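Here's the structure we're looking at; comments come further down.
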Amino acid sequence: MENVKTLGEFIIDKQQDFPGSSGEFSKLLSAIRLASKIVSNQVNKAGLLSHIVGAAGSDNIQGEAQQKLDVYANNQFIKALTARKVVCGIASEENDEFIPVDNDGSYIVAMDPLDGSSNIDVNVSIGTIFSVYKRLSPVGTPVTEADFLQKGTAQLAAGYVIYGSSTMLVYTTGNGVNGFTFDPGIGVFVLSHPNMSFPSRGKIYSMNEGNFYRSSKGVQEYIRYAQTIDEATNRPYTGRYIGSLVADFHRNIIKGGIYMYPATDAAPNGKLRLMYECNPLAFLAEQAGGKASDGIKRIMEIIPTELHQRAPYFVGNTDMVDTLEAFIASKG
Ligand code: AHG
Ligand code: MN
Ligand code: MN
């Protein structure tokens with residue numbers, strides 16, 4: 001194992017990027033690293049564990065059936081983030097209200113603890129998404145909802161964990177995107193994908209095309225465009241849709257592509273959640289030379305008015321998102 005850089009070492013090296021934080025921010029990332037390992041370990045043997053597979057018998061605030069692994073992952077991340085005393089509050093897709101943690105903490109975390117729930121029981125890649133902000137209210141006071149309702153541009157860090165053919169943790173602190181692969185033999189994440197960026201040309205489009213006729217004319221036209229044969233522009237594109245946003249995004253950042261979850265007539269604001277899914281991956285996308293849009297404007301400029309707010313979502317190679325926006329601008 002020559003020249004191996006572990007995530008732990010990387011976090012310490014980068015601590016100088018946050019001179020004011022006296023290591024607090026590093027502790028936060030370490031908490032995420034620990035919870036990821038615990039969840040990864042359970043995911044890898046999920047088929048053997050009856051307390052991990054299947055429905056939990058409860059719904060989240062969106063009325064979606066919670067899976068046992070949703071609840072398990074949520075608890076593990078909350079536990080790890082609470083133990084380090086640097087976080088003042090956590091907002092999770094799985095909790096109706098934000099969770100106040102420690103009045104003396106400086107940071108707030110928004111997370112989707114388990115992304116791709118429908119893929120848990122069928123052994124397909126799933127993930128965790130997280131987003132970190134500095135609180136707005138003074139340290140030492142109780143965290144407030146306003147601390148959470150910040151624009152995506154205010155994110156200090158964002159990332160995801162993908163539990164796939166291997167487990168990877170990919171994150172940014174606004175200074176590029178780095179990916180670490182978990183080596184279960186030694187129990188550490190190792191820097192495997194330094195300075196990740198979208199390839200200059202994308203060729204993949206990812207959408208649940210069952211929603212085609214429920215989408216706007218502009219989105220329909222873009223799908224037709226993606227399917228049209230035109231060698232000069234590398235079309236037709238390749239259709240790939242896993243149904244776990246993290247996995248679709250991860251593939252597209254490596255191979256080049258666009259992920260789309262548009263507004264539909266059944267879900268006028270789209271399905272994905274601004275704070276837990278759209279903003280963190282938008283931050284990563286922009287840091288990797290890509291773009292994230294709601295079809296009209298930059299995702300990270302949206303001012304959230306509620307924790308569980310949704311947004312139509314288009315993320316990936318900049319040129320592909322630009323073209324999609326042009327179709328929406330002309331066709332709606
Ligand atoms: P979650 O499992 O956190 O609820 O997220 C599921 C999301 C996203 O990961 C995925 O891309 C999308 O929902 C799939 O939705 P459809 O089944 O409607 O395609
Ligand atoms: Mn999700
Ligand atoms: Mn989820």
Side-chain angles (χ1 to χ4, degrees), residues 35-36 39 42-43 46 52-56 58-78 90-96 109-131 158-164 170 204-215 219 223 239-253 257-282 284-285 292 294 299 307-316:
S36 305
V39 172
Q42 294 293 304
V43 167
I52 287 299
V53 167
S58 49
D59 285 355
N60 66 17
I61 192 164
Q62 278 99 196
E64 298 157 343
Q66 287 178 311
Q67 302 299 304
K68 289 175 189 167
L69 196 57
D70 286 326
V71 177
Y72 179 85
N74 196 35
N75 290 339
Q76 291 304 327
F77 276 90
I78 291 171
I90 301 168
S92 166
E93 181 188 282
E94 300 303 336
N95 293 82
D96 300 2
V109 174
M111 65 175 179
D112 177 356
L114 207 293
D115 174 66
S117 304
S118 71
N119 284 323
I120 297 170
D121 292 357
V122 291
N123 220 333
V124 173
S125 298
I126 50 181
T128 296
I129 310 174
F130 61 91
S131 171
Y160 60 83
V161 186
I162 176 167
Y163 312 101
V170 175
I204 294 170
Y205 74 103
S206 315
M207 176 175 142
N208 179 347
E209 287 188 64
N211 290 327
F212 183 87
Y213 291 107
R214 291 185 148 167
S215 308
V219 171
I223 298 286
R240 288 282 186 276
Y241 188 75
I242 295 168
S244 294
L245 170 63
V246 164
D248 281 305
F249 180 87
H250 184 70
R251 184 202 51 247
N252 288 353
I253 199 174
I258 181 171
Y259 174 95
M260 298 178 272
Y261 211 109
T264 64
D265 48 17
N269 296 318
K271 177 184 183 189
L272 300 182
R273 283 130 293 210
L274 179 62
M275 297 199 49
Y276 315 122
E277 297 173 315
C278 304
N279 271 332
L281 298 189
L284 287 160
D294 69 356
I299 280 288
L307 287 181
H308 297 281
Q309 186 167 334
R310 296 172 194 265
Y313 197 46
F314 307 94
V315 64

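Every number for a ligand or one of its atoms is a count from 1 in the order of the listing. Only a predicted model underlies this, so the values are computations on that prediction, with no experimental measurement involved.
In this model, no donor atom of one side chain and acceptor atom of the other lie less than 3.5 Å apart for S244 and D115. Judged by distance alone, the side chains of N119 and S125 never bring a donor and an acceptor atom under 3.5 Å apart. In this model, a donor atom of one side chain and an acceptor atom of the other lie less than 3.5 Å apart for Y163 and T128. Remark: the E209 side chain and the Y213 side chain contain no N/O donor-acceptor pair separated by less than 3.5 Å.
Using a 30° and 60° split on the angle between ring planes, Y241 and Y259 fall in the parallel class, below 30°.
If you put the vertex on the Mn ion (ligand 3), O of L114 and OE2 of E93 sit 170° apart, to the nearest 10°.
The closest approach of D115 to the Mn ion (ligand 2), by N/O/S atoms, is made by OD1. Within E277, OE2 is the N, O or S atom that lies nearest to the Mn ion (ligand 2).
Between L114 and I126, the closest side-chain pair of non-hydrogen atoms falls below 4.5 Å. At a threshold of 4.5 Å between non-hydrogen side-chain atoms, the residues R273 and Q309 do not count as touching.
For ligand 1, none of its N or O atoms has an N or O atom of D248 under 3.5 Å away. At least one N or O atom of L245, backbone or side chain, sits closer than 3.5 Å to an N or O atom of ligand 1.
Every atom of ligand 1 is numbered from 1 in the order shown, and the set under 4.0 Å from a heavy atom of L272 is 7 (C), 8 (C). Counting the atoms of ligand 1 from 1 in the order shown, those under 4.0 Å from a heavy atom of G243 are 9 (O), 10 (C), 11 (O), 14 (C). Near Y241, the atoms of ligand 1 lying under 4.0 angstrom from a non-hydrogen atom of the residue are 11 (O), 12 (C), 14 (C), 15 (O), 16 (P), 19 (O). Within ligand 1, counting atoms from 1 as listed, the ones closer than 4.0 Å to a heavy atom of L114 are 2 (O), 3 (O). Close contacts between ligand 1 and N208 involve ligand atoms 16 (P), 18 (O), 19 (O) [criterion: under 4.0 Å to a heavy atom]. Remark: ligand 1 atoms within the under-4.0 Å shell around heavy atoms of D112 are 3 (O).
Contact detail for L284 and Y160: the closest heavy-atom pair is CD1-CD2, 3.5 Å. Residue Y313 comes nearest to E277 through the heavy atom pair OH-O, 4.1 Å, listed as atom of the first residue, atom of the second, then distance.
Put simply, the side chain of N74 never gets that close to the backbone of P113: no donor and acceptor are under 3.5 Å apart.
Annotation: atom 5 (O) of ligand 1 to nearest protein heavy atom, D115 OD1, 3.2 Å. When hydrogens are left out, the protein atom nearest atom 1 (P) of ligand 1 is G116 N, 3.8 Å; that is the closest non-hydrogen contact.
Here S117 has heavy atoms under 4.0 Å from ligand 1 in both its backbone and its side chain.
The heavy atom nearest to atom 11 (O) of ligand 1, out of those in Y276, Y261, Y259, is found in Y259. Compare E277, K271, R273 by their heavy atoms: the one nearest to atom 15 (O) of ligand 1 is in K271.
In the displayed structure, D265 atom CG is contacted under 6.0 Å by more than 12 heavy atoms of other residues, nucleotides or ligands.
Among the backbone and side-chain atoms of D112, an N, O or S atom lies under 2.8 Å from the Mn ion (ligand 2).
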